[in-house]
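One structure below.
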Amino acid sequence: MRVRDALQGDPATRGERRLLLEAVLDCSHAWLASHPEALLDEAQDQRYRALVARRAAGEPVAYLVGRREFYGLPLAVTPDVLIPRPETEGLVDWALECLPPGSPAAVLDLGTGSGAIAVALLHERPGLAVTAVDRSPAALTVAAQNAARHHPPGSRPIRFLAGDWYAPVPGERFRLILANPPYVAGGDPHLAQGDLRFEPPAALASGPEGLDDLRRIVAQAPRHLDAGGQLLVEHGHDQGPACAALFAAAGLRDVTLRHDLGGLPRLTGGRYPGPGEQD
Ligand code: GLN
């Protein structure tokens with residue numbers, strides 16, 4: 001089979017076939033585009049057909065090719081981690097607004113998964129002291145691999161810690177805490193659809209309303225933020241009011257809701273005033 005023939009088929013899934021073929025041939029997009037006559041050998045042919053069949057059965061492209069781009073960086077992904085999503089780039093954008101270039105601030109990424117947020121942040125702000133926590137040792141292995149691959153020369157290595165939310169950082173405070181926690185409601189039918197069927201359930205679902213982990217992350221944030229420090233979280237499009245209430249109950253101020261590229265309210269941020277600030 002030639003490259004040209006391998007890419008034939010439904011125009012809607014041509015982009016996916018291209019990604020699968022690039023993985024099999026270990027070639028770039030540009031090479032593939034300029035070599036339509038290149039011939040796949042027998043082994044490549046079989047591997048490609050197997051991937052196309054698995055994709056047709058629903059497996060996410062990112063898991064099949066073992067990578068996904070996030071904030072311009074190619075990241076390794078495995079079924080041990082949530083596939084990084086474009087809307088989470090908004091969380092990185094917001095964090096960068098809070099952290100001037102050259103900032104040496106301490107930042108905490110809770111539930112780092114593939115390490116997407118931590119790695120992108122350090123790449124943009126190489127002076128930061130980044131700590132990334134995940135409960136899953138398998139996820140931390142993937143995250144450490146991504147951190148090593150994209151480590152800015154001269155930066156402090158990301159400190160990866162295994163454990164539940166703040167458990168690995170007792171008594172520590174940070175300038176900024178970020179989280180893209182599980183926030184899908186346990187009974188949400190989306191869990192049985194599309195890519196979500198193949199992703200780690202523990203990275204997606206969080207109690208009957210999807211708020212169990214957000215509650216813990218927000219409630220304990222004041223114990224781990226510097227005075228004036230900020231908490232920024234991603235959540236479901238219908239969880240903005242609930243998140244705002246959690247932030248207020250935790251004593252966080254200047255609570256702000258931001259929208260994703262699709263116009264949905266998906267991010268909430270707030271500032272910890274510290275023990276001294278009066279109303
Ligand atoms: N954004 C994901 C989805 O609904 C969920 C990710 C998460 O729970 N953090 O597809």
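The chain is numbered in sequence order, starting from 1. Counting convention: from 1, in listed order, for ligands and their atoms alike.
Here is the list of ligand 1 atoms found below 4.0 Å of a heavy atom in Arg266: 1 (N). Near Leu204, meaning under 4.0 Å from one of its heavy atoms, ligand 1 places the atoms 5 (C), 8 (O). Atoms of ligand 1 lying under 4.0 Å from at least one heavy atom of Pro182, given by number and element, are 8 (O). For ligand 1 and Pro181, the ligand atoms under 4.0 Å from any heavy atom of the residue are 7 (C), 8 (O), 9 (N).
Of the charged side-chain nitrogens involved, at least one lies within less than 4.0 Å of a carboxylate oxygen, so that Asp212 and Arg215 count as a salt-bridged pair. Between Asp164 and Arg135 there is a salt bridge, with a side-chain nitrogen of the basic residue lying less than 4.0 Å from a carboxylate oxygen of the acidic one. Using a 4.0 Å cut-off between charged side-chain N and carboxylate O, Arg223 and Glu172 make no salt bridge. Arg49 has a carboxylate O that lies under 4.0 Å from a charged side-chain N of Asp45, or vice versa, which qualifies the two as a salt bridge.
No N or O atom of Leu196 sits closer than 3.5 Å to an N or O atom of ligand 1.
For the ligand labelled ligand 1, residue Gly236 lies outside the 4.0 Å heavy-atom shell. Ligand 1 does not have Glu199 within reach: every non-hydrogen atom of the residue lies 4.0 Å or more from it.
Using bins of under 30°, 30° to 60° and over 60° for the plane-to-plane angle, the ring pair His224/Tyr166 lands in the parallel bin.
Atom 4 (O) of ligand 1 has its closest protein heavy atom at Val184 CG2, 4.1 Å. Nearest to atom 1 (N) of ligand 1 among the protein's heavy atoms is Tyr183 OH, 2.9 Å. Counting only heavy atoms of the protein, atom 2 (C) of ligand 1 lies nearest to Arg85 NE, 3.4 Å.
At a cut-off of 3.5 Å, with distance as the only test, a side-chain donor of Glu22 or His29 sits close to an acceptor on the other residue. Judged by distance alone, the side chains of Gln230 and Arg175 do bring a donor and an acceptor atom under 3.5 Å apart.
At a 4.0 Å heavy-atom cut-off, ligand 1 does not touch His190 at all. Contacts with ligand 1 closer than 4.0 Å are made by no heavy atom of Ser206, backbone or side chain.
Within a 6.0 Å radius of NE2 in His190, other residues, nucleotides and ligands contribute 12 heavy atoms or fewer.
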